[in-house]
Amino acid sequence: MEQEEGFNLAIRRMLRTSNTYYVMLIAYSNFSFMRKNHDLLQLLQNTTEDTVLPHGGTIYQMRRGDQFVVFNEAVGEKVATLAANITAAAFPDRKPGCEDDEHVLTRIFHIPQDYLELRRTTSIYLDATGTPMMALAPAPAGTGTADPKSLKEEPDGPLNAWTLSRIETLLAETDLAPYIRSQTVYELDPQGRWQRVFDEYFTSIADLARDKFPKVDLHPGDRMFMELCRALDRRSIPEIIRRNHARPGRRFSLNIGLSTFTGPYFTKLIHDAPQLDRKSMILEINRSDLMHQPRATAKALKIMREAEVGIALDGITLDLLGITNLQRVDFDYIKIVISPSTMWLLRDSDCLASLKKLPREKIILCHCEKDSVLPVGKAFNLNKYQGWIIDKLASGGADAESAPSS
């Protein structure tokens, strides 16, 4: 099912852009004489390739011989003619327009308008039972869809392309606002007062999964998990910006994936959104993106600098300090995870030397769970912190040790 899953991912990528696409389905499986004659089917598929490739069409081969072809917006005026030519090659004696609803060879979807209908159609190809494509015409109102599995059925199992498509359909009907969380980064001033630096916003996938898809196996860092994060990013970013629109000048950060940073949707947003105070916004890149995709990260950093937004590097652990030269990378903030179980690394000479090279004003000690982090920060002349214990201290809470762990 590699081609099916690849096409499924391609559909989501199309929706994340602001561009128009045309997707042509060529359903050879609707006709038994084509399904049963392998040589004829191969000839027709070759004819399709000869017809669409000169116009930049990208072909995705499905089971039972069907094909999806994706065209960009520039080919829009020609798509109907190309579909007619493909039909004419398969049925040279058929008069145009005489097909009935159950025996059409081609169908055209306009993205983003026909996104949901296209997803309903492609879900059949992702079903392991191999259900043939029949009744390509849209289902009459009130009759439901022809999906082999009910979208209301609770998703379960590993997070693959099929499961993700069902989660996305589920999330389309879910208000994500209750799952958007924030945590403040504080600075301890010389008088011992906690001053707000910025508020970090993120979508709580753990809470969302618990409520909406508890049976799905999620593994942070996997490719499909990153696709899920990207889908959530697009939904949550407008809500976060809306919340901060009423607080001009108050700094906030978005904890979102690198693929979102570099996508056309986000690039257009940070350049075109008139209500967005870009100078008050900070974008947080995770250390895994920096290390696994250095070129893409460099591109993202360039986009951010041109957009005049702040940049933070998130997720640096003490064991990474000794093997990196983070002082050479252009970040406004570097968030270093600190915990009682890793503080012993501060006695490591390489870790210590690397920490001392970093500009003090850029370092944020994060994931702070115990107030023992404060003497450590003071010893290194650091004054920016983030974590449950800091929330408690900044709010004047007395029982700091009762703060929940992350």
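As the structure is a computational prediction, the values presented were derived from the model and not from experiment.
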Mutual orientation of the aromatic rings belonging to Phe109 and Phe68 [parallel < 30°, tilted 30-60°, perpendicular > 60°]: tilted
Tell me which donor-acceptor pairs under 3.5 Å the side chains of residues 47-54 have, and how far apart each pair is, sequence neighbours excluded?
unit_1, atom_1, unit_2, atom_2, d
Thr47, OG1, Leu43, O, 2.9
Thr48, OG1, Tyr28, OH, 2.7
Thr48, OG1, Leu44, O, 3.1
Thr51, OG1, Thr47, O, 2.8

Residues Gln183 and Asp199: side-chain donor-acceptor under 3.5 angstrom: no
Ring geometry between Phe198 and Tyr333 (parallel below 30°, tilted from 30 to 60°, perpendicular above 60°): tilted
Presence of salt bridge, Glu306 and Lys302, under 4.0 angstrom: yes
Within-4.5 Å side-chain heavy-atom neighbours: Thr174 and Lys212: yes
Polar side chain donor-acceptor pair, Tyr179 to Asp211, under 3.5 angstrom: yes
Test item: side-chain donor near acceptor, Ser253 and Glu284, under 3.5 Å: yes
Side chains of Leu25 and Thr106 in contact at under 4.5 Å (non-hydrogen atoms): no
Polar contact flag, side-chain donor to acceptor under 3.5 angstrom, Gln45-Gln67: no
Aromatic ring pairing His110/Tyr22, orientation class (parallel under 30°, perpendicular over 60°, tilted between): perpendicular
Heavy-atom check, side chain of Leu82 versus side chain of His55, under 4.5 Å: yes
Pair Thr184-Arg196, side-chain donor/acceptor within less than 3.5 Å: yes
